[in-house]
Amino acid sequence: MENATSTEAGQKFQDNKKTVARESGEREDTSYVDDWVGHKKEFSRSSSIGNPNRKRRHDALKRYFASESRSRSRERRRCSSRERSKDRSRRRRRSNTRSTREKCCHIDPEHQHEEILPVYHYKAELMQAVCENRVVVCKGETGSGKTTQFPQYLRDEFDPPGLVGVTQPRRVAAVSVATRVAEERHVKLGEEVGYQIRFEDCTGPQTRIKFVTDGCLVRECLADPLLIKYSFIMLDEAHERSVNTDLLFGLVKRALSMRLDLKLVVTSATLDVKAFAEYFDKCPVKEIPVRTHPVSVYHSKTKVIMTRTGPSSSAYVQSLVDVVIKIHRTQDEGHILAFLTGQDEIDKACSLLTAQAADLGASQGEAGMDLLVLPLYGSLSGEQQLRAFHPVGPGTRKCIVATNIAETSVTVPGVRYVVDSGFVKQKTYNPARRMESLVVVPISRVAAEQRAGRAGRTGPGQCYRLYSRECLEGMMPETVPEICRCNLANVLLYLKVLGVPDVVDFDYFEAPSKDQLAEALLMLHSLGALDDSGQVTPLGQSMARLPLDPALSRAILQAVEEGCLREVLTIAAMLSVENIWFSRKPKPARDKLDRPPERDKEAERAHARFMHPRGDHVTYLMVFAAWEARAFDEQWAKDAFLSLRALKNARNIRQQLEQEVRRATGLTAFSSAKDMEAICRALTAGFFNNAGTRCGAEATTVYKHMEGYMSNEDLKLIYVHPSSALAMNNARKSPLCVIYHELVYTSRPFMRHVLGVERSWLVECRARSGKASLSQLSLGGLQETKERDSRTSTADATEGSKAGIATPRKEKTDQGAVAAARARFLARKEACTGRLKMSV
DNA sequence: TTGTGGTGT
């Protein structure tokens, strides 16, 4: 039904093409009224012209500018021009060799000069706010200059004794912003201005401004909970709400209460700055408005292809294709950015678009343009990704079909048209089942706005939404933050180590559900990281030092006992990276679009050589050892159809783990296993809670879930993932007992990364871990509820996990807490709703 | 019998 509607609408588009007016932007808009409900919208307020405070501000600015230029010239004198040019060439050389720098070219390509950045007009106001308050929340869109200028202002105005630390959610951002700021200040990167990301510390004793990924700063807290090194912390891009940023809210707030000489700046791009201010004791909110270009937003009027729980059909791919073609045929030049949810969808849309554009012929497009269709998603190689950013000739229009990587991570220059499917693929975690699933869910209203804003970066733009305005109103105001949909074991262990005894009552910016907390505490206890009273054990202290999930840390520490540290380190590193198996996916022919693409037999044969009958962990060890034996030869890896990126990543992680293990255990020489048994025993110590026993016949891949620290009655049968070594033909005899790394739900509950183990080891581990009292563990914050233990919900695993977070109504597990969290969340948004409604 | 959004230590 809905399929038919959207195809019909698409057809109507095609038929209407000749009636579309071409004169002016305004007139053109009205021609869409039949299909689209449109309106013009400024994505932010215009700048401060005519402001009564202008004179005062101007005077203040003059003073600041004078003082700034004095300090600049001091800086310049310090650094003679000859040295500067040497620095520049050094920097250039460095940037050519560093992989993280490769991506920087498409992060904010337009290097605006400081003087024209909006933040400049607000310097005096901002500095005054910082002067008078310990915490300031600053709202500013991308392009306001806050990230590059604010830290410099803090440094220059206050000349603090400690560091100005600026967090970024992504590594590329940390590196590129640091590079930019160092350039502006004419200093060598790594001296006055530096950055720190995993595997790379580019700071020195003279460093005063330090850009750092939020994950890195969380780690730093372990050694320095009060952040003594810092005078200012700036939590940038707080609206992205990564687990680490959320965690830092609490940690910095705690540090602020104990240190009077620390100040905090929180910056965010969303409407939700009020909630941040509320959390930090009603601190002031400053706004840096950005003059962006207006974006006309059109909603689909007839198509209702979105339900509250997700897409009701996959028709949106076809309708997205129709809209793109329509834009290409009727609209002026400017690139098109289309949002879909995943690789398959994107590849499919790209084939359809390429074929249709070819049929159309260049002559039919507006001004006779060609359409160059390019995919953009995370698992593409760097080179393939860069194609989306390469400039094209004047006769070509690019259409980039992207995942939400283009929503926050990267900016494609020259985009004037955005087509938004309204969906995103999101990982959700079900703590009651300890199972994660990747589900397609509707985006939030903030995300919808973010996507639309992508059309107004270089000039006036248009955004076509494949959903109605009613759908928009039914969306969540904001994306459910990550901290509410992930496993918390790691987070809670950090908090405990940092001296937060009561992790249930911790002052979270957004409190996780009780189920999440209970699950994580019980898991930490079962691994021996917490004792019966919820205190961190020495073992837990060591585990927290490793940058891994607790189960893997536990396995590594057990490997020390079992004498197989080298092997288990390798396995841990291999389990920490993305898929290592690489296969060419043949492009589906046009007429075969709805059939699955053929499997790559050659790659499969190459992989089969590595598959070990014992299971995946041993297989990974073999793969890495084989690569190591060939001196990490890149060609060998390519020939074996292995992902070079994943392998290199694993090698880096392995190196880092080695260092950390050295520090955590004081070991200098690492043991090496004599047999496979020791390795499997060590892994069992970390993963005995994730275990299954075989059902029936020897060759079956069906297992029954074994009871762990939580009863899991909903989840009876679990399956070996077909990509596992244990699912391959060479594994004739399936092991009686297995442990698995993770449980993912797609069409069934699948175990990923599976290893055969002995039942006696499982029994032994279970006995060692003992039984915990949840109320004791949580210092009375959580109770063993009858519902949790005897929860025998009628739903099968399918429904429950599919529903997950996407369908709040169906979340049966501790409804109270989730409902309460949601209510708080919605209440907080209430204040902003009026503005939201006006703006959409 | 599968196939995976994006981050990060």
Side-chain angles (χ1 to χ4, degrees), chain A residues 167-174 196-201 212-222 237 240-248 339-347 376-380 402-410 421 423-428 436-441 443 447 479 481-482 485-486 490-491 493-494 544-549 552-553 572-573 576-579 581-583 585 596-600 603-604 643 646 649 652-653 656-657 659-660 699-702 719-724 726-729 742 744-752:
Chain A
T167 67
Q168 292 292 314
R170 275 171 297 280
R171 299 162 44 143
V172 272
Q196 188 183 357
I197 59 176
R198 190 182 193 180
F199 306 130
E200 220 179 323
D201 183 357
V212 60
T213 47
D214 49 17
C216 254
L217 194 63
V218 169
R219 286 253 136 216
E220 233 180 272
C221 284
L222 279 182
E237 314 284 351
E240 288 195 29
R241 304 291 307 277
S242 76
V243 186
N244 288 324
T245 308
D246 260 35
L247 191 52
L248 283 170
F339 286 99
L340 281 174
T341 67
Q343 183 177 339
D344 270 357
E345 263 177 28
I346 289 174
D347 287 344
L376 179 61
Y377 44 81
S379 54
L380 286 175
T403 59
N404 53 337
I405 192 173
E407 197 179 297
T408 47
S409 307
V410 296
S421 65
F423 295 114
V424 68
K425 206 173 263 186
Q426 202 172 59
K427 203 175 246 179
T428 63
E436 56 184 26
S437 43
L438 208 50
V439 280
V440 173
V441 296
I443 57 172
T479 311
E482 206 186 348
R485 50 184 172 87
C486 71
N490 231 341
V491 171
L493 183 58
Y494 285 160
R545 299 191 66 162
L546 296 174
L548 292 170
D549 277 336
L552 270 179
S553 307
S576 303
V577 299
E578 72 267 28
N579 192 9
W581 310 114
F582 176 81
S583 68
K585 221 183 208 174
E598 266 184 60
R599 287 193 275 180
D600 191 335
E604 248 171 45
S643 159
N649 213 350
N652 274 335
I653 292 175
Q656 189 194 20
L657 291 178
Q659 279 174 17
E660 296 292 340
T700 187
T701 56
V702 188
Y719 301 80
V720 173
H721 195 279
S723 66
S724 165
L726 289 184
M728 300 288 155
N729 292 333
E742 60 183 0
V744 293
Y745 180 84
T746 48
S747 60
R748 289 173 173 181
F750 282 111
M751 297 180 275
R752 285 193 61 204

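Naming: A, B, ... by sequence-line order, numbering from 1 per chain.
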Report task. Could you check whether Thr341(A) gets within reach of a base, just the sugar-phosphate, or nothing at all, counting any heavy atom under 4.0 Å? Result -> sugar-phosphate
Query - Candidate nucleotides dT2(B), dG5(B), dG8(B), ranked by approach to the side chain of Thr403(A) - the nearest - result: dG5(B)
Requested in this report: For Tyr494(A), report the nucleic acid contact type (base, sugar-phosphate, nothing); a contact means any heavy atom under 4.0 Å.
Outcome: base
Report task. Would you kindly give the CZ-to-C1' distance between Arg748(A) and dT1(B), to the nearest whole Å? Result -> 7 Å
**Report entry** Between P of dT9(B) and CG of Leu657(A), the distance in whole Å
**Finding:** 13 Å
Report task. Mind checking the CD-CG spacing from Gln656(A) to Leu546(A)? Nearest 0.5 Å is all I need. Result -> 9.5 Å
Query raised in the report: What nucleic acid atoms does Tyr719(A) come within less than 4.0 Å of, heavy atoms only: base, sugar-phosphate, or nothing?
Result: nothing
Query raised in the report: Atom CG of Leu247(A) and atom C1' of dT7(B): how far apart are they, to the nearest Å?
Result: 15 Å
Query - Worked verdict on Tyr745(A) versus Thr428(A) for side chain to side chain contact (heavy atoms under 4.5 Å, CB included) - result: CA-CA 10 Å; Tyr745(A) 180 84; Thr428(A) 63; over 6 Å; no
Report summary line: Taken to the nearest whole Å, OH/Tyr745(A) to P/dG3(B) is 10 Å
**Report entry** Side chains of Ser576(A) and Leu548(A) in contact at under 4.5 Å (non-hydrogen atoms)
**Finding:** yes
Query raised in the report: Can you name the ring-ring contact (aromatic ring centres under 6.0 Å, His included) partners of Phe750(A), sequence neighbours left out?
Result: His721(A)
Query raised in the report: Can you check the Asn652(A) CG to dG8(B) P distance for me, whole Å?
Result: 14 Å
Query raised in the report: Does a side-chain N or O from Thr213(A) land closer than 4.0 Å to OP1 or OP2 of dT9(B), or not?
Result: yes
Query raised in the report: On DNA chain B, nearest-nucleotide positions of Leu376(A) versus Gln656(A): which is more 5'?
Result: Leu376(A)
Query raised in the report: Using a cut-off of 4.0 Å on non-hydrogen atoms, how would the nucleic acid contact of Glu482(A) be classed: base, sugar-phosphate, or nothing?
Result: base
Report summary line: Between Phe423(A) and the options Val441(A), Val440(A), Ile443(A), the side chain to side chain contact (heavy atoms under 4.5 Å, CB included) test singles out Val440(A)
Query raised in the report: Which whole-number value in Å describes the distance from Leu546(A) CG to dG8(B) C1'?
Result: 16 Å
Requested in this report: Have a look at Phe750(A) and say if it touches a base, only the backbone sugar-phosphate, or nothing, with a 4.0 Å heavy-atom cut-off.
Outcome: sugar-phosphate
Report summary line: Regarding the side chain of Arg219(A), the nearest nucleotide among dT9(B), dT7(B), dG3(B) is dT9(B)
Query - Rounded distance in Å - CD (Glu237(A)) to C1' (dT7(B)) - result: 13 Å
**Report entry** Nearest listed nucleotide, side chain of Gln343(A), among dT2(B), dG5(B), dT9(B)
**Finding:** dG5(B)
Query raised in the report: From the list dG5(B), dT9(B), dT2(B), which nucleotide is the closest neighbour of the side chain of Ser723(A)?
Result: dT2(B)
Query raised in the report: OP1 or OP2 of dT9(B) sitting under 4.0 Å from any side-chain N/O of Arg171(A)?
Result: yes
Report task. Provide, to the nearest angstrom, the distance between the CD atom belonging to Glu742(A) and the P atom belonging to dG3(B). Result -> 13 Å
